[in-house]
Amino acid sequence: MSLKIAFIGLGNMGGPMAENLAKAGHAVTAFDLNEAVVATAEHGGCGTAANAVEAADGAEVIITMLPAGKHVVSVYEEVEDKIARGTLMIDCSTIDIESAKRAHEIAAGQDAHSVDAPVSGGIMGAKNATLTFMAGGSDAALDAATPVLDVMGAKMVRCGGASAGQAAKVCNNMILAITMIGTCEAFEMGRRLGLEDQALFDVVSTASGQSWSTTTYCPVPGPVPTSPANNGYAPGFAASLMSKDLGLAAQAAETTGASTPLGTHARALYDTFCKNGGADTDFSGIIEMLRKV
Ligand code: NAD
């Protein structure tokens, strides 16, 4: 069934996601503040609108893929009057829990279904429609969102009610940052102890130190040929985005009173890495800074 979809936010992630929906036969109306990416989306089969309100007018589904919570809330407020009863609102951005709750509230005020569905899988996942969605919302909203998310990704995990998707995302990425730093430290210490990277990989990848940071994303070149370490640490997942996500984790820890000493330390290290020129580097590139601290 072809749906009338408004897609707002056509950056590195949103652009290819919108195009995948258009390729699947949906009538996508795309909008972004940046005219260049709107033109790319048009080339990729999307219709365009002059602003978010025009894009949302008459849409059955409104999808947002924006930088941060303030952008999502401002777009939801902007299009509020165009959200008809039963419209499906899906926010795929990675944002703070409070803003996610506010977005759900705005949707509920219009009797719309709403889902927070942040993603993992990065730019390649967006292009190849292999993203994983971590979704929060009512059962009815999640049911309605499933066929739409299926077009843009390979997997959708139902995490719970409103904002549960963002909660899962922020927890996952805090673990990722901590395991990556630990993995970097261990590979550097291993080298200094005279271990070959491959030997340490062969042990860790099948032993209790195993994690995604080693097996899929090994921060030294060689053992995992597809990891960014083999490509000059080109992202992948940029350190600036990891830094942002650790800021969201810090915010979540503060509001819940959760104790996250390693999350706090990981954030400080990633912030330093970004300030010293690493922002556009893959987050595994922090190994180069850790060698020196
Ligand atoms: P991006 O900066 O490339 O794109 C964001 C787009 O939003 C930009 O084109 C910008 O012009 C547009 N925008 C901002 N405010 C707007 C508004 N009011 N109305 C319309 N358009 C507006 O960012 P991205 O890499 O596509 O990431 C989007 C979201 O996905 C972020 O929340 C990010 O944390 C998350 N994310 C990114 C990745 C990744 O690898 N890039 C991975 C997972 C999650």
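Both counts, for ligands and for their atoms, begin at 1 and track the order of listing.
Residues Ile178 and Ile175 fail the side-chain proximity criterion, which asks for heavy atoms closer than 4.5 Å. Two residues are said to be in side-chain contact when any heavy atoms from C-beta on lie closer than 4.5 Å; Thr29 and Thr48 fail this criterion. With contacts defined as side-chain heavy-atom distances shorter than 4.5 Å, the pair Ile287/Tyr233 qualifies. In this structure, the side chains of Leu246 and Asn173 stay at 4.5 Å or more apart for every pair of heavy atoms. No side-chain heavy atom of Met89 sits under 4.5 Å from any side-chain heavy atom of Val61.
Each of the following atoms of ligand 1 lies closer than 4.0 Å to a heavy atom of Ile8: 20 (C). Annotation for ligand 1: atoms under 4.0 Å from non-hydrogen atoms of Met65 are 29 (C), 30 (O). Atoms of ligand 1 lying under 4.0 Å from any heavy atom of His71, numbered from 1 in the order shown and given with element: 15 (N). Interface atoms of ligand 1 facing Ser93, defined by a heavy-atom separation under 4.0 Å, are 32 (O). With ligand atoms numbered from 1 in the order given, ligand 1 contributes 19 (N), 20 (C) to contacts under 4.0 Å with heavy atoms of Phe31.
For a threshold of 3.5 Å applied to N or O pairs, the pair formed by Phe237 and ligand 1 contains no separation below that value. Considering backbone and side-chain atoms together, Asn12 places an N or O closer than 3.5 Å to an N or O of ligand 1. Geometrically, ligand 1 and Asp32 share a nitrogen or oxygen pair separated by less than 3.5 Å. The distance criterion of under 3.5 Å between nitrogen or oxygen atoms is not met by Ala68 with respect to ligand 1. Considering backbone and side-chain atoms together, Ser120 places no N or O closer than 3.5 Å to any N or O of ligand 1.
Regarding atom 40 (O) of ligand 1, its nearest protein heavy-atom neighbour is Gly122 CA, 3.6 Å. Among protein heavy atoms, the minimum distance from atom 24 (P) of ligand 1 is reached at Met13 CG, 3.8 Å. Atom 41 (N) of ligand 1 has as its closest protein heavy atom Leu241 CD1, 3.4 Å. Here the protein heavy atom with the shortest distance to atom 4 (O) of ligand 1 is Gly11 CA, 3.2 Å. Among protein heavy atoms, atom 28 (C) of ligand 1 sits closest to Leu66 O, 3.9 Å. For atom 43 (C) of ligand 1, the closest non-hydrogen atom of the protein is Val119 O, 3.6 Å. Given atom 18 (N) of ligand 1, the protein heavy atom at minimum distance is Val75 CG2, 3.6 Å. Nearest non-hydrogen protein atom to atom 19 (N) of ligand 1 is Leu33 CG, 3.7 Å.
For Lys244, every heavy-atom contact with ligand 1 shorter than 4.0 Å involves the side chain, none the backbone.
At least one donor-acceptor pair under 3.5 Å links the side chain of Thr255 to the backbone N or O of Gln251. In this structure, the side chain of Asp116 engages the main chain of Gln166 through a donor-acceptor pair within 3.5 Å. Between the side chain of Ser93 and the backbone N or O of Ile95, no donor-acceptor pair lies under 3.5 Å. Put simply, the side chain of Asp282 gets close to the backbone of Phe237: a donor and an acceptor are under 3.5 Å apart.
A salt bridge does not link Lys4 with Glu60: none of the charged nitrogens is closer than 4.0 Å to a carboxylate oxygen. A salt bridge is defined here as a Lys NZ or Arg NE, NH1 or NH2 lying under 4.0 Å from an Asp or Glu carboxylate O, and Glu105 with Lys101 fails to meet this definition.
There is no protein heavy atom less than 4.0 angstrom from atom 2 (O) of ligand 1.
Distances shorter than 4.0 angstrom occur between a heavy atom of Pro67 and an atom of ligand 1.
Side-chain rings of Tyr217 and Phe283 approach one another, their centers coming within less than 6.0 Å.
Counted within 6.0 Å of CD on Glu196, heavy atoms from surrounding residues, nucleotides or ligands total 12 or fewer; the atom is thus considered open.
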